[in-house]
Number of protein chains: 2
Amino acid sequence: MDKQPDSDAGGGSVTIGARPTRQRKAVVAALGDSDVFRSAQDIHAALRERGDDVGLTTVYRTLQALADGGDIDVLRTPDGESVYRQCSNGHHHHLVCRGCGLTVEIEGPAVETWATKTAHAHGFAEVEHTLEIFGTCHTCAQRH
Amino acid sequence: MDKQPDSDAGGGSVTIGARPTRQRKAVVAALGDSDVFRSAQDIHAALRERGDDVGLTTVYRTLQALADGGDIDVLRTPDGESVYRQCSNGHHHHLVCRGCGLTVEIEGPAVETWATKTAHAHGFAEVEHTLEIFGTCHTCAQRH
DNA sequence: CCGCAGTTGACAATGGTTTTCATATGAGTT
DNA sequence: AACTCATATGAAAACCATTGTCAACTGCGG
């Protein structure tokens, strides 16, 4: 039910889909260019500016597919916007700047343990959790 | 321009606003009736069914006001919908059952400290964080 | 009883995201 | 190269929760 292991996607480390088209490669490239969480609209605008014309619909579809495949991370800003980012593998959380989207991947083993223990203590099973930290980074704080 | 501190709102434990109107009381009552997170539209529909006619706009406004005042908790479902719930005072997180919505309020002072410290260590200011734990409660686990 | 700030609500407008559907494209086949 | 057809694309329309608008209403203070 999940994809078969493909160790030779053709150069990229990310499985794009059945057909690695120009558009999909462009979206993946755009994600690779920045280490910031960006919205679909952001990416669409960036691509257009760069001359890579990709339809907004396609950007949305591609991002969704990548997220479903676990190749990129999604999270929702406090405004309810979905933002995407290419992340390292494995479980981690994010420290995100509200101003520019600058993101630091963080780990908190103690939190994981605590969350799981607490849930079990209340009789909950199949425990998952979400944890994101938002703030204003040093740079953004200065040019308020 | 904003509300003055009033320690005696007039009987309710929740400060509704400058004027405790029929509509606001109705919304507060609806929240008091259930201990699960519900959307504004849900509440609006429930009120209408009960005969308490309150405009959708007013429901939204009231919920937002209550949330701003810290009298109720808001969180966003994975679909991006805002849901509200009457909670105890103070900062806390939620342990929510995926099956029935059963919610347990939890506290994790250590997590708060850790989150703030970590953010500051990376030069972030005005730190906020979101943390929710999802799982399957004992009851739901049995009748899978 | 008057007046005005606070409230209300029908309706329009927003805006991110998804759907629709006609057209295009690419990988395999003949 | 020509053919096929599932897959992919994208412009435009649909969605839909939420917010803005603004005229009408309400209730307490004076």
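Just so it is clear: chains get the letters A, B, ... in the order the sequence lines come, proteins before strands, and each one is counted from 1. No experiment lies behind these values; they were computed from the predicted model shown.
- B/Arg22 has its CZ atom 9 Å from the P atom of C/dT8, to the nearest Å.
- To the nearest 0.5 Å, the span separating CG on B/Leu66 from CZ on B/Arg24 amounts to 9.0 Å.
- Residue A/Arg48 holds its CZ atom at 8.5 Å from CG of A/Leu56, rounded to the nearest 0.5 Å.
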In sequence, state the C-alpha distance, the side-chain angles, and the governing distance for B/Glu112 and B/His129, and then conclude on side-chain contact (heavy atoms from CB on, under 4.5 Å).
CA-CA 8 Å; B/Glu112 320 293 334; B/His129 64 272; 2.8 Å; yes
Evaluation steps, salt bridge (charged side-chain N to carboxylate O under 4.0 Å, His left out), between B/Glu81 and B/Arg38:
CA-CA 10 Å; B/Glu81 216 183 20; B/Arg38 306 169 70 194; over 6 Å; no
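- Look at B/Lys25 and B/Asp52 and you find no salt bridge, because none of the NZ, NE, NH1 or NH2 atoms lies under 4.0 Å from a carboxylate O.
- Between the P atom of D/dA11 and the CG atom of A/Leu56 lies a distance of 9 Å, rounded to the nearest Å.
- Evaluation of atom-type donor-acceptor distances gives a pair under 3.5 Å for the side chain of A/Thr57 against the base of D/dA11.
- The CG atom of A/Asp79 sits 18 Å away from the P atom of C/dT14 (whole-angstrom rounding).
- At C/dT17, one or more side-chain N or O atoms of A/Tyr60 fall inside 4.0 Å of OP1 or OP2 (strictly under the cut-off).
- In this model, no donor atom of one side chain and acceptor atom of the other lie less than 3.5 Å apart for A/Gln23 and A/Thr62.
- Residue B/Leu63 contributes atom CG, which lies 12 Å from atom P of C/dT8 at whole-angstrom precision.
- A donor-acceptor contact under 3.5 Å links the side chain of A/Arg61 to the base of D/dG10.
- When the side-chain nitrogen and oxygen atoms of B/Thr21 are compared with OP1 and OP2 of C/dG6, none of them lie within a distance under 4.0 Å.
- Between the C1' atom of C/dT7 and the NZ atom of B/Lys25 lies a distance of 14 Å, rounded to the nearest Å.
- Proximity of residues 29-53 of chain B to DNA chain C (heavy atom under 4.0 angstrom from any strand atom) is restricted to B/Asp53.
- Side-chain contact check for A/Glu132 and A/His94: at least one donor-acceptor pair (N or O, by modelled atom type) lies under 3.5 Å.
- The side chain of A/Gln64 approaches C/dT18 more closely than any other nucleotide in the set D/dT9, C/dG9, C/dT18.
- What separates CZ of A/Arg76 from C1' of D/dT18 is a distance of 13 Å, to the nearest Å.
- Residue-to-nucleotide contacts include no donor-acceptor pair under 3.5 Å from the side chain of A/Thr58 to the base of D/dA8.
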Does the salt bridge (charged side-chain N to carboxylate O under 4.0 Å, His left out) test come out yes or no for B/Arg50 and B/Asp33, once each step is laid out?
CA-CA 12 Å; B/Arg50 176 199 296 193; B/Asp33 281 350; 2.7 Å; yes
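- OP1 or OP2 of D/dG10 lies within a sub-4.0 Å distance of a side-chain N or O belonging to A/Gln23.
- Ion pair B/Arg61/B/Asp68 not flagged as a salt bridge, since none of the NZ, NE, NH1 or NH2 atoms sits closer than 4.0 Å to an Asp/Glu carboxylate oxygen.
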Identify each atom pair where a protein N or O and an N or O of nucleotides 26-30 of chain D are less than 3.5 Å apart, giving names and distance.
{"from": "D/dT26", "atom 1": "O2", "to": "B/Arg19", "atom 2": "NH1", "distance (Å)": "3.1"}

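- Between B/Arg24 and C/dT8 there is a side-chain N or O to OP1 or OP2 distance below 4.0 Å.
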